[in-house]
Participant: 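What follows is a structure written as C-alpha cells; I'll ask about it next.
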Amino acid sequence: MISIRNLSKEWGDFGLRDINLEIKGNEYFIIIGPTGVGKTLLLECVAGLHYPDRGRVFIGNRDVTDLPPEKRNIGFVYQDYLLFPNMNIRDNIKFGLRFKNFSKNEIDEKIKKVSELLQISHLLDRNPKTLSGGEQQRVALARALVIEPRALLLDEPLSALDPGIRRILQEELREIHKKIKTTTIHVTHNFDEAISLADRIAVMSNGEILQVGKPEEIFRKPISEFVADFTGIENIFNGISEIDGGIAKIKINNVQIYAITPKTGNVRFSIRPEEITLSKMMFGSSARNTFRGKILGIADKGQLVRIVVDIGIPLAVLITRGSYEGMRLSPNANVYASFKASGVHVF
Amino acid sequence: MISIRNLSKEWGDFGLRDINLEIKGNEYFIIIGPTGVGKTLLLECVAGLHYPDRGRVFIGNRDVTDLPPEKRNIGFVYQDYLLFPNMNIRDNIKFGLRFKNFSKNEIDEKIKKVSELLQISHLLDRNPKTLSGGEQQRVALARALVIEPRALLLDEPLSALDPGIRRILQEELREIHKKIKTTTIHVTHNFDEAISLADRIAVMSNGEILQVGKPEEIFRKPISEFVADFTGIENIFNGISEIDGGIAKIKINNVQIYAITPKTGNVRFSIRPEEITLSKMMFGSSARNTFRGKILGIADKGQLVRIVVDIGIPLAVLITRGSYEGMRLSPNANVYASFKASGVHVF
Amino acid sequence: MMKSELMLIFFALMGFFSIVFIALPLLNMILLESPSSLLKTLQDPKVRDAICLSIYAAFLTTVIAFIFGVPLAYLLARIDFTGKNIVESIIDVPIVVPHAVAGIALLTLFGRSGLVGEPLSFFGIRFGSTLLGIMVAMLFVSSPFMINSARDGFKGVDPRLEYVARTLGASRWQSFLRISFPLAFRNILTGCVLTWARAISEFGAVIIIAYYPMTAPVLIYERYLSLGLDSSRPIAVLLLLACLAMFIVLRMITRK
Amino acid sequence: MMKSELMLIFFALMGFFSIVFIALPLLNMILLESPSSLLKTLQDPKVRDAICLSIYAAFLTTVIAFIFGVPLAYLLARIDFTGKNIVESIIDVPIVVPHAVAGIALLTLFGRSGLVGEPLSFFGIRFGSTLLGIMVAMLFVSSPFMINSARDGFKGVDPRLEYVARTLGASRWQSFLRISFPLAFRNILTGCVLTWARAISEFGAVIIIAYYPMTAPVLIYERYLSLGLDSSRPIAVLLLLACLAMFIVLRMITRK
C-alpha cells in the first residue's frame, strides 16, 4: 500500500501540485499523462530520491518521507534501463543483495529464480552494452525484483523499446504481476499500456492528478475535456472471451462479439467508431458482428455524423453526412450495426 | 535534367554501388528507402559535396563531376533546415545572391518574390532560432530557390516536422513545383510523401537502386520482395475527383468512388483491404461505396483470407476465415464489395 | 534536506580546503599592498617597462598563434588524415614539457649556434636576449591553448552549414570566412585569451632564453633575489591584477 | 580530389609550421645528446637526486590533489548551489596566474612571517626551502587539472545510475564508491597524470619558495647559469624523456 498525501515539489521548470493518491496493496496502478508533466518526479519522490517541498509519503502505513531511498526497499526501473555499465549482468542483479545479510547460497538462489522468471538466465555473464533494449529492460526488472521490494516503480519501462518487443514485454509485465503481486506504480504516456495492464489509472497533467479510476471509467467517463482528448478512445468494453472454432467470442451483457485474438477469459477491447457500418436491414456479409439496436443520440460533426446505438452496450458510430441523410436516421429508430471481427481490438 | 551514371562511392560504413538514374527536366523525382542506405550521400555527390569514387554526374547534358559545388547552381535543403545562425532570415536568403552580379534592387526584388511564394515575408527580420520547424524549413527552401537553381535537392525535407505542418508543407511543395517547375530530387523514407508528390520514384536499399517507376508501378508491381514489404500498400489508384453535394466522387475506369476530401482533379487514393466488406447481395447501408465484382483470386493468410475482386479496378480485400467459409466464396463468383467513403484515403 | 548526507558534508569540507588553498594566497598578497604602494611601484620606470613588455610580447605572441593556429585547428576539425593522432599529440606536448626544459630546448635550436639560430643570425635575426626570443618562448608554451580552443570551436559548427553555403555559390574560402569562422568565434576568442594568459605567465623558458629585455616575471624574480620578498610583492600584485582582469574577460566570454 | 582546394593547401602549410615549431626544438635537443652522455649525466648524484625529488614531489602533490580535489569535483558535478559560478572561477585562477607571482604569493602566505607560515613554524613546520614548500608550489599550479578532469568525469555519469543504486539499498557513500567513482575513473586518472605533469614542470613558483632542496628544473637552470647550455642540456633531456613517457601513458588512457 502506498499513500501519497498533499505532495508538492518544485523542480526546475515544472513541479507537482498537491498530489493525493492511494495505491492499494498488490495493485497495478498506472499514471498516464503527456511527457514532461512531472510523472518521473513523482516516482522519484516516492522512492526518496527527492525530498518533497510539502506533503508526506506512506508505504504500508509507515511514514517514509524522511527515510533515505536505501531504507525504503522500493524497486525502481527507468525507461532507459540504466544497467551499471561497470558490472556484468549477474553483478547488476546481485548489486542490491550485497547490502542485505544473505549467504552466498541464498544470493545464488535468488538470482537463479529471478533470472528464470525474466528469462535472462543465459545472459548472466554478458556485459550490459552487448544486450538488446528488451534484454536490458528485463535485467533492469530482475535487478529491481530480486530485492523483493515492497513496491515497484516503473518509469515508462516500455517506451524505449521497439513495438514488437514492447508488446511482448507488456504481456510479461502482466504475467509477472499476476505471479508476484508486488504493488506497482507504472508511469506511461501510452494508452495501450494503460488499458492492458492497469487495475486503476490516474491521469496526470501539469503536475496535477486530474482523475483516478478503473480504465473503463477513465476512458468512458472522462471528467474533463483534457482527459477525453488525451485518451481519445471510444467504444471500450470489458468482456469474457472464449475461443470457438478458431475465432474468439467475447460475451458482454448478453451481447456476443466475434474477434480475432488468441486471448481467453477476461479481456478488454475497443472498436473504432468509423469502422462500424449502419444499415436499415439485416443482411449476410463478411462482417461477422451484426446487431440490432436503437439509436440513442445523434451528433453533427461536420462532414461526419456521430451516432450512438444501444445494442445491449452503447456503441459510438461515425458515418458520413450523405449516408446519414440517405438513410433518414432519427433518435429511437432501430438500425443494424455491423463491424468485422478484425475490427475488434483486444488489449 | 540530371543524369547519374555508374556512380559508386564508399563512405564510412556504407556506400553507393553503381547508381544509374536519369531524372527528366522539370520532373519531381523521389528516392525512397529506409534510413541509412546512402540516400543523403547520393544527393551530396550530385551537389558536388563529395567526389565519387567512380562514375559521372551530368546536369543538363554537361558533365559536372569535376565542378566544385559552388559552380553547379544546385539548391540543397537538409532535413534539419541548417539556417545560418549568425544571420537573420533576410541575410540567410540573400546569402546565395551575394555571389552573383545582381544590383541591390534586383536582390530585394528576388527576396520579395521568394518570400511571398513561401509565405515568410513577415519573418525576414527575425533570428533563425526564434522560428518554428515549419517556418525554418520554408526559409531553407526560399534560400535554395532564390538562386534559381538548375535543380533542387531535398534531403528528407519534411521528416523533422510535426505531422500537421508536415502535411501542409507537403501540399505546398507540390504547389511550388507546379509553379516553378525546377527539376527536383527529393529523398524520403515516407510513403505518403512519395505517393503524394512524385512524378517518378526510385526505391533504394543498401546503396543500390532497386526499382524506378511511376508511383502506381512501384506500389502495385514491386519487382522484388523488398520493395513490396517496404512499401506495404495495396489498393492504390489514380482517379479524377469532383465535389458534388459536399462529397467527392472519384472516377477511375468508369468506376465512381465516394470519398471525403476537399481535393478535385487528378488525385491518388488508397483503400485498406481490411476495411472492405464482401456480401453476396446488394443492400442499403451507410457504406456509400458498393460495387458488384468478380473474384479474381483467393489467398489463404491463416486466420484471414485475402481476396482480389475485380470491380472495374482490382480490389484486394481481407476477410476472416469464418466469413469466407460462411459465404462459400470461390474464384469467378460474383460478390458485392462495399466500403465507407471515410475509408478512402486520398493523398 | 534528508538525513544521512554526511558524505556530502565531508566532501564540502574537503572542497572548502581546496578553494581556500587557491584563493587565500592571492587575496593575502593583494590585501598586503596598499593602493599607494602600488601606485608608487608603477612610477618606477623599470617596473612599467617590464609590465608593458610582458603585455606587449604576450599580445604579439597571441597574434602569431592566431595566424598559424586557426588554420591548423580548422583542418583538425574538418579533415581526417592518417597520422592525425600523432599531430594532435604533438600539439599537446608543450603542456607537459617542464618550462626550464622548454627554455633549454628553444635556446639550443634558436641560440647563436643553433640549427635555426645560426643561419638566421647572418641576417641579423637574434633570439638570445631579444623580444623575438621572449616571443618564441611564449609561443612554444601557449600555442596548444589556441589550437585546441579553436579546434573545439570549429568542431561545434555543423560541416553541412558549409555544404549549404557552397551549394549557394560560396567558395571554400568564402564559406570559411562567412560561416565557420564567425560561428567558432567565441571559442577562438577564448583561445586568444588563454594563449595571452599562458604567454604572460611564462617564466622558466623566458628567463633562460632572454633574461634581458626584462619581462615582469623576470623582474619580480630579480627584485626578490636582490631586494627581498617585500620589494617584489607590489610588482607581483600589479601583474596579477592585469591577469585577473583578463581572466574576468575570459569568464564573460565563456559564460554568455 | 576536386580542384579549388587551394585554401586547404594553404591551411595545411600554416599548420605544418606550427607542428614543426613545437616538435623541432624537442627533437633537436634530444638528438644532440648521445645515450652515453645521458648515462654519464645520470651517474651524477646531484642530477639523480634532483630528478628523483621532482618525480617524488610531483607524485605526493598528485596524491594530495586527488584527496582534496575529487570530493570537490563530485560536488561541482552533482549539486547546484548559489556561488557555484564563483567557486568554478576560483578553481581556474591558478591557470592564469604568472608562475613567479604564484611563488611570491605562496611565499608571502607560507613564509616564516606569513599568515599561515608563522603559526605553523612554532610546530616546526617550515615551507621555505623544504619539500613541503615545493609541494605547496606544485599543488597551487596543478590542482585545477585534477578538479576539472574529475568533474568532467562525474558529469559524464548519469546521476540516475546512483538513484538506482540507492533504491537497491546502497548508501550515498556506497553508490559513490561502487558506481560514480569507477565510472569516472578514466577521467580521474587523466586528471592525475595532468596534475603530475604540471607539478613536475613547474619552475617559477618552486624556485622562489624553495631553491633548495633542488628539483630538476632548478638544477637545469643552475647548471645553465654556472656551466652553460651544454652542461644543462643532458639533464633537460632526461627530464623531458620522463615527462614524455608519462604523456604517452596519458594518451593511452584518453584514446582507449
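Proteins get letters first, then strands, A, B, ... in listed order; numbering begins at 1 in each.
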Participant: Of all of D:Ala73, D:Ser89, D:Ala236, which one pairs up most often with chain C through heavy atoms under 4.5 Å apart?
Facilitator: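 If we count pairs closer than 4.5 Å to chain C, D:Ser89 comes out on top.
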Participant: Is it the backbone or the side chain of C:Leu76 that comes under 4.5 Å from a heavy atom of chain D, or both, or neither?
Facilitator: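 Answer is neither: C:Leu76 stays 4.5 Å or more from chain D.
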Participant: Pick whichever of C:Ile207, C:Ile79, C:Leu250 has the most heavy-atom pairs under 4.5 Å with chain D.
Facilitator: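 Looking at each option in turn, the highest pair count goes to C:Ile207.
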Participant: With rounding to the nearest 0.5 angstrom, report the CG to OG distance, D:Leu72 to C:Ser18.
Facilitator: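 Reported to 0.5 Å precision, the distance equals 5.5 Å.
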Participant: Below 4.5 Å from any heavy atom of chain C, which atoms of D:Ala12 appear? Answer side chain, backbone, both or neither.
Facilitator: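 It is both, since atoms from each part get that close.
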Participant: Looking only at non-hydrogen atoms, find the nearest pair between C:Val136 and D:Phe21 and report the distance.
Facilitator: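 For C:Val136 versus D:Phe21, the nearest heavy atoms are O-CZ, 3.6 Å.
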Participant: I'd like to know whether D:Val96 forms a side chain to side chain contact (heavy atoms under 4.5 Å, CB included) with C:Met246, so could you lay out the CA-CA distance, the side-chain angles of the two residues, the decisive distance to 0.1 Å, and finally the verdict.
Facilitator: CA-CA 9 Å; D:Val96 299; C:Met246 206 64 176; over 6 Å; no
Participant: Rounded to the nearest 0.5 Å, how far apart are CG of D:Leu229 and CD1 of C:Ile208?
Facilitator: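 One finds 8.5 Å between CG of D:Leu229 and CD1 of C:Ile208.
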Participant: Using a cut-off of under 4.5 Å for heavy-atom pairs, which of D:Ala102, D:Ala100, D:Ala105, D:Cys243 has the most such pairs with chain C?
Facilitator: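 Ranked by heavy-atom pairs under 4.5 Å with chain C, first place is D:Ala105.
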Participant: Which residue out of C:Val237, C:Leu32, C:Asn85 racks up the most heavy-atom pairs below 4.5 Å with chain D?
Facilitator: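 Result: the option with the highest number of such pairs is C:Asn85.
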Participant: Minimum heavy-atom separation for D:Arg251 and C:Glu88, please, with both atom names.
Facilitator: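 Here D:Arg251 and C:Glu88 meet closest at NH2-O, 3.8 Å.
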Participant: Where on D:Phe110 is there a heavy atom nearer than 4.5 Å to chain C: the side chain, the backbone, both, or neither?
Facilitator: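 Answer is side chain: those atoms of D:Phe110 sit under 4.5 Å from chain C.
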Participant: Give, as side chain, backbone, both or neither, the part of D:Leu24 having an atom under 4.5 angstrom from any heavy atom of chain C.
Facilitator: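 Both backbone and side chain.
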Participant: Under a 4.5 Å heavy-atom cutoff, which of D:Val87, D:Asp92, D:Leu240, D:Ile64 has the most pairs with chain C?
Facilitator: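 Winner by heavy-atom pair count: D:Asp92.
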Participant: State, to 0.1 Å, how close D:Ser201 and C:Pro98 come at their nearest heavy-atom pair, and which atoms those are.
Facilitator: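 In this case the closest contact between D:Ser201 and C:Pro98 is CB-CA, 3.2 Å.
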Participant: Under a 4.5 Å heavy-atom cut-off, does chain C meet the side chain of D:Phe16, its backbone, both or neither?
Facilitator: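 Neither part, no heavy atoms under 4.5 Å.
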Participant: By a 4.5 Å heavy-atom criterion (distance strictly below it), what part of D:Tyr224 contacts chain C: side chain, backbone, both, or neither?
Facilitator: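 Side chain of D:Tyr224 only, per the 4.5 Å heavy-atom cut-off to chain C.
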Participant: Measuring heavy-atom distances to chain D, does C:Ser143 have an atom under 4.5 Å in its side chain, in its backbone, in both, or in neither?
Facilitator: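 The side chain, not the backbone.
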Participant: C:Ile235, C:Asp230, C:Ile67, C:Leu139: which one forms the most heavy-atom pairs within less than 4.5 Å of chain D?
Facilitator: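 Of the candidates given, the most pairs with chain D belong to C:Leu139.
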Participant: Among D:Phe154, D:Phe68, D:Phe176, find the one that has a ring pair (Phe, Tyr, Trp, His ring centres under 6.0 Å) with C:Phe11.
Facilitator: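 Only one option passes, and that is D:Phe176.
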Participant: If you count heavy-atom pairs under 4.5 Å between each of C:Gly15, C:Pro71, C:Ala205 and chain D, which one has the most?
Facilitator: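 Top option by heavy-atom pairs under 4.5 Å: C:Pro71.
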Participant: Check each atom of D:Arg198 against the heavy atoms of chain C and say whether the ones under 4.5 Å are side chain, backbone, both or neither.
Facilitator: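 Side chain of D:Arg198 only, per the 4.5 Å heavy-atom cut-off to chain C.
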Participant: For a quick test of reading the model, state the closest non-hydrogen atom pair linking D:Phe203 to C:Gly204 and the distance between them.
Facilitator: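 Nearest heavy atoms, D:Phe203 then C:Gly204: CD2-CA, 3.2 Å.
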Participant: Going by heavy atoms in the side chains, are C:Pro94 and D:Ile22 under 4.5 Å from each other?
Facilitator: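 Side-chain contact under 4.5 Å: yes.
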Participant: For the CZ atom of D:Phe10 and the CH2 atom of C:Trp173, what is their distance to the nearest 0.5 Å?
Facilitator: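 Those atoms lie 6.0 Å apart.
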Participant: Stepwise, does the side chain to side chain contact (heavy atoms under 4.5 Å, CB included) test hold for D:Leu109 with C:Met29?
Facilitator: CA-CA 8 Å; D:Leu109 186 67; C:Met29 180 175 74; over 6 Å; no
Participant: Nearest 0.5 Å, what's the CD-CZ distance between D:Glu5 and C:Arg172?
Facilitator: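 The distance works out to 4.0 Å.
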Participant: Nearest 0.5 Å please: distance from the CD1 atom of C:Ile19 over to the CD1 atom of D:Ile91.
Facilitator: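 Going from the CD1 atom of C:Ile19 to the CD1 atom of D:Ile91 covers 4.0 Å.
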Participant: Looking only at heavy atoms and a cut-off of under 4.5 Å, which of C:Val93, C:Leu27, C:Leu106 has the most pairs with chain D?
Facilitator: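 Sorted descending by pairs with chain D, the first entry is C:Val93.
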Participant: Is the shortest heavy-atom distance from the side chain of D:Leu26 to the side chain of C:Phe140 under 4.5 Å?
Facilitator: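 Yes, side chains in contact.
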Participant: Can you tell which of C:Ile220, C:Leu194, C:Ile90, C:Ile200 has the highest number of heavy-atom pairs within less than 4.5 Å of chain D?
Facilitator: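 Sorted descending by pairs with chain D, the first entry is C:Ile90.
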Participant: Which atoms of D:Tyr74 come close to chain C, meaning under 4.5 Å heavy atom to heavy atom: side chain ones, backbone ones, both, or neither?
Facilitator: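 Side chain only.
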